[in-house]
Each structure stands twice: as structure tokens, then as C-alpha cells.
Enquirer: 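To start, I am sharing the structure in question, which I have written as C-alpha cells.
Predicted model only: the values in this text are computed from it and were never measured.
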Amino acid sequence: MKVGIICYPSYGGSGVVATELGRQLAARGHFVHFISYDVPFKLSTYEANVTFHEVDIPSYPLFAYPPYLLALANKVVEVSRRYSLDILHAHYAIPHATCGFLAREVLGGRLKVVTTLHGTDVTLLGSNPSFSDIIRFSIESSDGVTAVSQDLARVTRELFDIRSPIEVIYNFVDASRFRPLEVEDLRSRICSPETRVLVHISNFRPVKQPVAVIDIFHAVQQELPAVLLLVGDGPEMARVQQRVDELGIAQRVKFLGKQEEVVEILSLSDLMLLPSTQESFGLVALEAMACQVPVIASRVGGLPEVVVHGRAGFLYSPADLEGMAQGAITILSDPALREEMGLHARAIAVEKFSADEQVARYERYYEQVLENEV
Ligand code: GMT
């Protein structure tokens with residue numbers, strides 16, 4: 001098949017999933033065309049069967065807000081005509097599903113549009129009156145719609161009163177790449193052997209509750225020798241730094257910034273903290289699990305479908321920071337429990353969320369859409 005993929009190229013779960021899906025499809029012999037304003041950050045090397053098409057947004061004095069959607073749709077039309085795309089796969093409803101609709105109209109219907117909903121496009125933007133009607137329309141006018149968890153499919157149906165089917169295709173992890181590595185050297189440069197390493201990876205938006213991560217860690221390090229690794233950056237970072245200073249734990253918190261490769265960091269970590277107020281799936285939790293790292297997370301959105309409570313970690317209400325700290329202490333003070341949960345976590349990642357299985361499901365779904373069977 002010839003598949004166009006439109007996604008956000010910068011840091012963020014939806015872009016990571018879109019890029020990894022494209023790479024996996026290309027490895028299976030499909031021709032994949034990424035179309036975006038920049039090369040997706042996970043696509044840093046040459047890949048057979050993969051082409052990148054940059055969207056150029058001309059500047060013009062009248063454009064206070066350059067019309068990216070139009071430039072993107074125009075590029076999709078151009079690429080589709082030149083390479084005879086079968087499918088355009090839009091990741092994230094705004095503006096990509098809308099772009100799919102527009103491009104298909106220009107092409108007289110000669111392109112099938114599959115939209116994958118990732119979470120915040122529905123849960124945050126979907127309830128914003130500035131976007132809600134256009135999101136509903138774009139979802140309904142797609143030829144096929146997938147969601148990354150059962151919970152997100154349910155929320156989308158309820159929020160937009162959508163009757164047409166939404167296929168759930170879980171996010172996935174390449175367990176041959178995300179696996180526990182030998183990192184004793186690196187770990188010894190960060191802390192002493194008896195120190196527990198906690199990790200939080202996100203885009204530091206309010207929905208991730210990164211300040212709560214600091215409060216949870218503060219309680220944990222009062223009971224056990226511990227350090228916290230913070231990976232990523234975003235709008236809440238200044239508040240996070242302020243909280244770290246207020247609590248006097250700057251020596252124990254390491255700010256690593258945005259990192260392209262996190263397998264080593266995960267491999268040296270004992271526990272992940274993910275106290276989000278919303279999380280349609282929690283790709284980062286799955287990546288931690290694949291590296292044998294248990295997760296303390298919120299019981300929200302799709303997280304219970306990923307982090308099986310009591311096996312891969314523990315889940316709490318997002319407001320229950322004390323519970324999360326207690327859960328972390330329980331796991332970190334019992335090496336046998338931590339080890340057992342790590343093994344279960346990896347088993348779940350491999351058995352339920354393998355790249356092979358989920359990518360094959362996307363392939364079958366594309367075929368159904370092409371045969372008008374959705
Ligand atoms: O988590 C974010 O804020 C980024 C967002 C995105 O734009 O990629 O992530 C969403 O999509 C990911 C990939 O499907 C999911 O793993 C995340 O759970 C989801 N984030 C939220 O629902 C908050």
C-alpha cells in the first residue's frame with residue numbers, strides 16, 4: 001500500500017506513534033510518505049520505503065496566523081497525485097483529520113482518510129467550543145476512525161454523540177528496542193547502589209501534574225534514599241523548579257531535559273511516576289513497562305488498560321498523592337516485589353502491546369477501509 005502519514009513532528013506521544021507506525025509499515029514493504037512541517041524527531045536516519053515531504057508555509061503580510069492547514073492539505077494533494085496514495089492516515093484530529101477531509105475533496109474522493117484519535121485532541125480540544133464542531137465533523141467525515149484505547153473510544157462516542165464505529169487499536173512498543181539494558185556504569189555515575197531511582201517523562205503540561213510528581217517524590221525520599229530523574233520540558237517546568245527549591249530537594253532531583261533516547265534512562269530506573277489528570281493511553285508508561293519498570297499512575301482514561309493495577313504497578317485517583325507516595329514506598333522498599341512487578345510489566349508489554357500485532361491490525365484496518373467495509 002502507499003500510505004501518507006500526517007502528524008506532529010515534535011515531541012509528543014501522537015507523533016511518536018505515527019512515526020513508529022510508519023517505520024514498521026515501511027519495514028513490511030509498504031511505501032510510506034510523511035507529510036509535515038518538519039522531519040518527525042524519531043525519524044532521524046534513512047529508512048527504506050520512507051519519504052518525507054516538508055510543508056512550506058509562505059509568509060505574507062496579511063497572514064497574522066499563517067494558514068498551515070491549507071498548506072498541509074495542498075501538500076497532501078500534491079503528494080497523493082504524484083505517488084497515488086491509497087490511504088492518508090491523520091494522527092490527531094486537529095488539524096490533521098480536517099486536512100484529510102479537505103484533501104480528499106480536492107482529489108474528488110480519490111483518497112481514503114483514516115483518523116487516529118490520541119487523547120487530548122478529544123478530551124481537551126474536543127470540549128473547547130472554538131474547535132468542537134470542526135472536530136466532530138472531521139471525525140465523522142473520515143473513512144475510518146481509530147482510538148488508542150477503549151476509554152478514548154467511549155469518551156469520543158459520548159462527547160460527540162458519534163454512532164459510526166471507532167476501532168480500538170492500541171499503541172505499541174518495539175520490545176526488542178525497549179528492553180532492560182545493562183547500565184550499571186551509568187547508574188553508578190548518578191547515585192549510590194542503595195539509592196532508588198524514580199523517573200518522570202512528559203511534556204510538562206498541567207495535565208501531567210508534574211508538580212505533583214515532586215510532592216510524591218518528596219514523601220518517598222523522606223522514607224528511602226532516592227533520586228528523581230525528570231525527562232522532558234514544557235510549560236510547568238518553572239513551577240516544578242520552584243517546588244523543588246521550596247522543598248529543599250534540589251540535590252536529589254536531576255533535570256535531564258528533552259531526550260531522544262530514553263531506553264538507558266528507563267533501564268537504570270526503579271519506578272516511573274505518572275500522576276496525570278488525563279491520559280488516553282500513556283505511551284511512556286508502556287515504554288517503561290517494556291524496560292521492566294513498574295509504574296505508579298492515575299486511574300484515569302486508558303491507563304488502567306495499560307498499567308494493570310497490582311501487576312505492573314499501582315493506580316490511584318489523580319488527587320491521591322499520599323496514596324501514590326505510599327505505593328511507591330511499598331514497591332521500592334521490597335526488591336522482590338519490584339522485580340516481580342517489573343517482570344509482569346514487561347510480559348504485559350510484550351503480550352498485549354507488541355508492535356507486530358498492533359501494526360498488523362492497522363494493515364487489516366486499512367484494507368477494510370479500502371474495501372469500504374468499515
Ligand atoms: O500526552 C500528551 O500530552 C501528548 C499527547 C500527544 O499529543 O501525543 O499524548 C496523547 O497521545 C499519546 C499517544 O497516543 C498517548 O499515549 C497519551 O496518553 C495522550 N495524552 C493524553 O491523553 C493526555
Enquirer: Measure the spacing between CG of L315 and CG of L303 and express it to the nearest 0.5 Å.
Expert: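 So the CG of L315 and the CG of L303 are separated by 7.0 Å.
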Enquirer: Set out, in order, the CA-CA distance, both residues' side-chain angles and the distance that settles side chain to side chain contact (heavy atoms under 4.5 Å, CB included) for K208 and E279, then state yes or no.
Expert: CA-CA 8 Å; K208 304 288 176 180; E279 203 69 69; 2.9 Å; yes
Enquirer: Less than 4.0 angstrom from a charged side-chain N to a carboxylate O is my criterion; do R187 and D270 meet it?
Expert: yes
Enquirer: Do the side chains of R361 and E167 get close enough for a salt bridge, i.e. N-O under 4.0 angstrom?
Expert: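 Result for this pair is yes, salt bridge flagged.
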Enquirer: For the CD atom of Q150 and the OH atom of Y170, what is their distance to the nearest 0.5 Å?
Expert: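 If I round to the nearest 0.5 Å, the distance is 4.5 Å.
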Enquirer: Kindly indicate whether the side chain of R346, heavy atoms from C-beta on, has any atom under 4.5 Å from the side chain of R179.
Expert: yes
Enquirer: Answer yes or no: is there an ion pair linking E140 with R136, defined by an N-O contact shorter than 4.0 Å?
Expert: no
Enquirer: Tell me the closest heavy-atom pair linking A93 and D121, and the distance in Å.
Expert: N-OD2, 2.9 Å
Enquirer: Walk me through it: do Y92 and Y8 pass the test ring pair (Phe, Tyr, Trp, His ring centres under 6.0 Å)?
Expert: CA-CA 8 Å; Y92 214 81; Y8 284 108; 5.5 Å; yes
Enquirer: Apply ring pair (Phe, Tyr, Trp, His ring centres under 6.0 Å) to F255 and list each qualifying residue two or more places apart in sequence or on a separate chain.
Expert: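 Per chain and number, F255 pairs via ring pair (Phe, Tyr, Trp, His ring centres under 6.0 Å) with no residue.
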Enquirer: Go through it in stages, so that I can follow the logic: the residues are H96 and T115, the test is side chain to side chain donor-acceptor pair (under 3.5 Å), and I'd like the CA-CA distance, side-chain angles, deciding distance and then a yes or no.
Expert: CA-CA 8 Å; H96 298 135; T115 295; over 6 Å; no
Enquirer: Show which residues join V359 in its hydrophobic cluster (side-chain heavy-atom contacts under 4.5 Å, direct or indirect), or state none.
Expert: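 Once heavy-atom contacts under 4.5 Å are chained together, V359 belongs with M1, V3, I5, L21, L25, V32, F34, V39, L43, V50, F52, I87, V114, I169, F172, Y362, Y365, Y366, V369, L370, V374.
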Enquirer: Do NZ/NE/NH1/NH2 and the carboxylate oxygens of E246 and R243 come within less than 4.0 Å?
Expert: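 A salt bridge is present here (some side-chain N lies under 4.0 Å from a carboxylate O).
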Enquirer: Check whether any side-chain heavy atom of N372 sits under 4.5 Å from a side-chain heavy atom of K112, and report yes or no.
Expert: yes
Enquirer: Less than 4.0 Å between a side-chain N and a carboxylate O, is that true for R23 and E20?
Expert: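 A salt bridge is present here (some side-chain N lies under 4.0 Å from a carboxylate O).
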Enquirer: For the residue pair Y83 and F31, is the inter-centroid distance of their aromatic rings smaller than 6.0 Å?
Expert: no
